[in-house]
Amino acid sequence: MNMPQSVRLVDVGPRDGLQNESQAIAVTDKVRLVDDLSAAGIRHIEVGSFVSPKWVPQMAGSAEVFAAIKQHSGVSYSALTPNMKGLEAALEAGVREVAVFAAASEAFSQRNINCSIAESIERFAPVLEAAQKADVKVRGYISCVLGCPYQGEVPADQVASVARELHAMGCYEVSLGDTIGTGTPGVTRALIEAVAKHVPREQLAGHFHDTYGQALANIYASLLEGVSVFDSSVAGLGGCPYAKGATGNVATEDVLYMLNGMGIETGIDLDLLVNAGARINLVLGRENGSRVARAILAAR
Ligand SMILES: CC(C)(COP(=O)([O-])OP(=O)([O-])OC[C@H]1O[C@@H](n2cnc3c(N)ncnc32)[C@H](O)[C@@H]1OP(=O)([O-])[O-])[C@@H](O)C(=O)NCCC(=O)NCCSC(=O)C[C@@](C)(O)CC(=O)[O-]
């Protein structure tokens with residue numbers, strides 16, 4: 001397998017990162033974060049979610065955020081939509097890319113979206129159909145691909161089967177989520193091999209939380225398997241409201257530093273990205289979750 005020469009980083013900080021914050025965050029701060037990320041050269045930004053505000057209150061203002069961000073051509077600004085209600089709200093807000101989200105674990109599916117895996121796939125079918133009619137791209141997520149906070153081990157075959165369904169129903173990319181960050185490089189490679197029997201590697205993405213400090217190693221393992229799209233959060237923002245103790249996604253700055261060192265192209269400016277992370281940390285009163293950013297900021 002050839003190592004990819006370029007990588008697309010999807011910054012999920014404004015959504016996966018901020019969804020977990022209990023303090024109120026002003027729309028202007030969310031907008032600033034998205035605009036800072038696009039200015040740093042991020043070409044895919046997950047801006048928010050159209051989900052129940054009772055379940056995830058922090059994402060309630062997503063339509064306002066979409067209305068206020070500066071949208072640049074060549075940048076995809078996406079949002080989560082778990083059902084038709086979410087898709088309708090996203091379309092009304094002018095969103096051009098959405099994501100449906102399933103799980104590979106029944107227990108997590110129930111806690112996260114209040115239905116079984118099979119029911120979630122049924123709910124997604126009209127979302128895919130309506131999105132395609134509106135010429136809106138749909139990405140698919142699978143949570144708990146390398147372990148579940150409620151069920152423990154998750155068989156790779158189960159992940160592969162959900163990935164096959166999402167791909168077959170029209171998701172242009174399937175993002176494999178290590179929600180609780182327990183995966184290690186060997187199982188990551190085995191998982192990609194199992195899933196790649198059903199979904200081409202060029203249509204897979206890795207979404208690693210860094211709870212156990214394994215995310216960069218798992219990204220390297222995924223690169224060896226030919227995966228060239230990774231989700232990450234600037235400054236390592238976030239966690240997951242339905243996975244107790246989960247820390248944020250791997251920090252975008254840390255992934256970028258590794259890719260730069262390997263000569264892999266991303267189009268992202270590390271210094272501008274560090275500034276974006278530093279600014280949102282100031283707003284949140286939070287310590288920077290990126291080791292690379294901490295080192296760069298200390299050296300400045
Ligand atoms: C999926 C539902 C809505 C089902 O929730 P439900 O309660 O089963 O839905 P329902 O259809 O019975 O509706 C109940 C209420 O929610 C409303 N409702 C229904 N749908 C919507 C909507 N789209 N937007 C706004 N409101 C909505 C609906 O109108 C109704 O309002 P009420 O009559 O009670 O006032 C709920 O479980 C939910 O919103 N869950 C949120 C899940 C979520 O956002 N989780 C975090 C993101 S996933 C993630 O972080 C993992 C990922 C992707 O990053 C990968 C990884 O790392 O693993």
Side-chain angles (χ1 to χ4, degrees), residues 10-21 46-63 78-93 95 98-105 107-117 119-124 126-127 130-131 138-151 154 159 162-163 166 171 173-183 191 204-212 214-215 218 229-233 236-250:
V10 179
D11 201 298
V12 296
R15 193 280 303 172
D16 205 350
L18 298 188
Q19 74 181 7
N20 212 36
E21 286 289 330
E46 200 166 73
V47 173
S49 298
F50 293 89
V51 300
S52 163
K54 286 184 194 145
W55 286 64
V56 185
Q58 192 60 260
M59 291 291 107
S62 290
S78 59
L80 296 192
T81 55
N83 53 18
M84 279 305 289
K85 192 175 168 100
L87 180 74
E88 281 155 14
L91 293 180
E92 207 170 305
V95 179
V98 298
V100 292
F101 48 106
S105 131
F108 191 86
S109 183
Q110 289 293 350
R111 305 272 180 124
N112 193 33
I113 50 176
N114 204 24
C115 64
S116 68
I117 299 170
E119 284 163 345
S120 73
I121 300 288
E122 266 171 46
R123 275 187 200 172
F124 299 155
V127 174
V138 185
R139 193 174 199 238
Y141 275 107
I142 309 177
S143 288
C144 299
V145 299
L146 293 169
C148 168
Y150 311 111
Q151 163 187 320
V154 176
V159 181
V162 179
L166 291 176
C171 291
E173 186 166 280
V174 177
S175 176
L176 301 172
D178 184 11
T179 313
I180 52 171
T182 48
L191 174 74
L204 293 177
H207 178 108
F208 296 101
H209 284 260
D210 205 23
T211 315
Y212 286 77
Q214 302 297 301
N218 292 338
V229 182
F230 297 98
D231 304 347
S232 56
S233 278
L237 294 175
C240 174
Y242 300 103
K244 214 173 170 202
T247 62
N249 295 89
V250 63

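Because the structure is a prediction, the values reported are computed rather than measured. Below, each value reflects all heavy atoms present in this structure, side chains not excepted, and no hydrogens, waters or symmetry copies. Order of listing sets the numbers, starting from 1, for every ligand and every atom in it.
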Numbering the atoms of ligand 1 from 1, which are under 4.0 Å from a heavy atom of Gly86? 23 (N)
Does an N or O anywhere in Tyr141 fall below 3.5 Å from an N or O of ligand 1? no
Could you list which atoms of ligand 1 come closer than 4.0 Å to a heavy atom of Pro82? 1 (C)
For ligand 1, which part of Lys54 has a heavy atom less than 4.0 Å away: the side chain, the backbone, both, or neither? side chain
Ligand 1 atoms nearer than 4.0 angstrom to some heavy atom of Arg15 are 47 (C), 49 (C), 50 (O), 52 (C), 53 (C), 54 (O)
Ligand-residue contact atoms, ligand 1 with Asn83, heavy atoms, under 4.0 Å: 3 (C), 19 (C), 20 (N), 21 (C), 22 (C), 23 (N)
Proximal ligand 1 atoms for Asp16, defined as those under 4.0 Å from one of its heavy atoms: 50 (O), 54 (O)
My understanding is that only residues two or more places apart in sequence, or in another chain, count here; which of them pass side chain to side chain contact (heavy atoms under 4.5 Å, CB included) with Ala104? Ile142, Val154, Gln158, Val159
Within the 4.0 Å heavy-atom shell around Thr179, which atoms of ligand 1 are there? 56 (C), 57 (O), 58 (O)
Backbone N or O of Ser49 within a donor-acceptor pair of the Ser62 side chain at under 3.5 Å? yes
For Ser109 and Cys115, indicate whether the former's side chain and the latter's backbone hold a donor-acceptor pair under 3.5 Å. yes
Could you pull out, from Gly177, Ser233, Ser143, Ala90, the option with a heavy atom nearest to atom 55 (C) of ligand 1? Ser143
Quick one: closest heavy-atom pair of Gln110 and Ser116, and the distance? NE2-N, 3.4 Å
Find out whether the Lys NZ or Arg CZ of Arg15 is both under 6.0 angstrom from the six-membered ring centre of Tyr141 and within 45° of the ring's axis. yes
Side chain of Thr182, backbone of Leu146: donor and acceptor closer than 3.5 Å? yes
For ligand 1, which atoms have a heavy atom of Leu80 less than 4.0 angstrom away? 47 (C)
Any donor-acceptor pair under 3.5 Å linking the side chain of Asn218 with the backbone of Gly183? yes
Tell me whether the count of non-hydrogen atoms from other residues, nucleotides or ligands lying under 6.0 Å of CD in Glu92 goes above 12. no
In ligand 1, which numbered atoms sit nearer than 4.0 Å to a non-hydrogen atom of Asn114? 6 (P), 7 (O), 8 (O)
